[in-house]
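Reading through the structure tokens given below for one structure.
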Amino acid sequence: MTERFTGSFTQQESIPDEAIAAAVEVMRHGRLHRYNVAPGEVAETARLEEEFAAFTGARYCLAVASGGYALACALRAVGVGPGDRVLTNAFTLAPVPGAIASVGAQPVFVEVTEDLVIDLDHLALRIGENGARVLMLSHMRGHICDMGRLMEVCDGAGVTVIEDCAHTMGAAWDGTPSGRHGVLGCYSTQTYKHMNSGEGGLIVSDDPQVMARAILLSGSYMLFDRHRAAPPAAAFEGLVGETPNVSGRMDNLRAAILRPQLRMLSDQVARWNRLYRAMEAGLADLHGLRLIPRPAAESYVGSSFQFLLPDHAPAEIEVFLSRCAARGVELKWFGADRPAGFTSRYDHWGYAAPDSLPQTDRVLKGLIDMRLPLTFSEEDCAAIARIIRDEVARG
Ligand SMILES: *Cc1c(COP(=O)(O)O)cnc(C)c1O
């Protein structure tokens with residue numbers, strides 16, 4: 001009999017009981033807004049910021065309304081404005097170029113390698129061509145480039161790095177947490193990421209001026225002294241009147257849900273990586289399918305899985321995908337002509353200047369992607385891998 005998979009690629013785990021209890025507590029007292037505190041009370045949001053700063057080893061942290069908001073706020077905080085060019089990965093998701101466009105700036109795309117990281121030679125070339133002063137580096141699908149070399153290239157050219165860590169919360173390069181190489185690290189706590197508050201974002205930085213600006217931008221009114229993982233009052237001087245309020249705060253309900261999840265994150269990462277390794281083992285040594293190598297310096301979070309079918313024509317990939325789907329295995333393809341679901345490509349983003357990126361086109365043409373939700377077991381991953389093997393071999 002033909003094997004079918006019956007699990008759901010989009011089903012999350014439930015919110016932990018401890019987080020539900022904390023959320024109920026916030027709803028009972030009613031002080032959901034982060035600056036609405038009883039005398040002597042420290043808001044859940046301020047506590048989450050302290051705890052996330054400690055988790056990443058950052059001096060400062062700010063909790064905001066979404067990952068996309070975090071990215072746009074980071075751009076504004078380093079002074080990006082209308083007409084500026086911002087370098088970013090050609091292989092990423094729509095919120096990244098969207099954040100750049102939201103501040104009136106122009107995304108300038110950098111090629112992806114077949115290991116799914118930013119091409120550092122092309123980056124160096126683009127810096128020279130464009131004179132862009134900021135790189136928004138997306139650790140897309142959790143693949144981290146050689147951060148030592150990236151920082152050398154950027155520092156050498158005076159390029160400020162903002163990290164999009166939507167897929168690398170809990171990951172590290174050479175022992176340094178993802179988000180701690182650049183001036184700012186931005187994270188998402190949206191449902192499909194590594195912690196789930198429905199919507200939400202976090203920003204970390206060691207730079208007092210930049211973080212003071214980010215806090216003011218997020219809509220702190222004159223209440224920035226209620227933040228704890230924040231720079232001293234002196235850092236805000238001179239910025240208060242100059243910095244627009246672009247409200248995008250996180251509320252205490254979301255923070256209450258996230259604090260217990262942060263305590264569990266390291267265990268969750270270990271669970272994700274067991275699923276990832278089960279999938280990797282199941283797909284090893286298959287002719288025509290290229291696995292993505294994971295460098296020794298990279299501590300990744302295997303919350304999603306990618307592979308390449310480099311020699312398949314688009315029509316063959318379409319057949320492969322529909323056969324897998326018929327057997328319950330929902331795969332995403334980055335080579336489709338039209339954007340579908342969460343998956344779109346640099347040439348679909350019509351607000352950016354048209355560009356030609358032949359290497360990225362070649363890689364994305366064969367790139368297959370799937371989520372690994374924690375509701376899967378290692379046996380589920382082995383079953384999915386068997387179905388994929390079958391269908392690749394059949395093709
Ligand atoms: C999810 C995501 C973001 C942030 O998105 P929000 O939905 O706004 O939290 C940023 N970059 C990437 C690559 C993402 O996948």
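We count residues from 1, following the sequence as given. First listed ligand is number 1; within each ligand, the first listed atom is number 1. The shown structure was predicted, so the numbers you read here are calculated from the model rather than taken from an experiment. Note: hydrogens, waters and symmetry copies are ignored here, and every other heavy atom, side chains too, is used.
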- Query: Taking N or O atoms only and a 3.5 Å limit, does Ala166 qualify as a polar contact for ligand 1?
  - Reply: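 Such a contact does not occur with ligand 1.
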
- Message: What I want to know is whether Gln190 and ligand 1 share at least one N or O pair that is separated by under 3.5 angstrom.
- Response: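 There is such a contact, yes.
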
- Item | Proximity to ligand 1 by part of Val96, non-hydrogen separation under 4.0 Å |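 The answer is the side chain of Val96.
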
Among all protein non-hydrogen atoms, which one is nearest to [atom], and what is the separation to 0.1 Å?
| atom | value |
| --- | --- |
| atom 8 (O) of ligand 1 | Gly68 N, 2.7 Å |
| atom 3 (C) of ligand 1 | Lys193 NZ, 3.5 Å |
| atom 13 (C) of ligand 1 | Asp164 OD2, 3.3 Å |
| atom 9 (O) of ligand 1 | Ser188 OG, 2.7 Å |
| atom 15 (O) of ligand 1 | His167 NE2, 2.7 Å |

- Item | Arg323 atom CZ: more than 12 heavy-atom contacts under 6.0 Å |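 Yes.
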
- Message: Counting only heavy atoms not in Glu242 (residues, nucleotides, ligands), do more than 12 fall under 6.0 Å from its CD?
- Response: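 No, the 6.0 Å shell around CD holds no more than 12 heavy atoms from other groups.
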
With under 30° as parallel and over 60° as perpendicular, where do the rings of [X] and [Y] fit, or are they tilted in between?
| X | Y | answer |
| --- | --- | --- |
| Phe9 | Phe5 | perpendicular |
| Phe236 | Phe224 | parallel |
| Trp349 | Phe109 | tilted |

- Task: Please assess Tyr35 against Tyr221 for the test ring-ring contact (aromatic ring centres under 6.0 Å, His included), listing each intermediate value before the final yes or no.
- Result: CA-CA 10 Å; Tyr35 299 127; Tyr221 303 99; 7.0 Å; no

- Inter-residue atom distance Thr88.OG1 - Leu123.CG, 0.5 Å rounding: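 Thr88 atom OG1 to Leu123 atom CG measures 10.5 Å (nearest 0.5 Å).
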
- Item | Residue-ligand contact Gly201/ligand 1, heavy atom below 4.0 Å |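 Under 4.0 Å: no for Gly201.
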
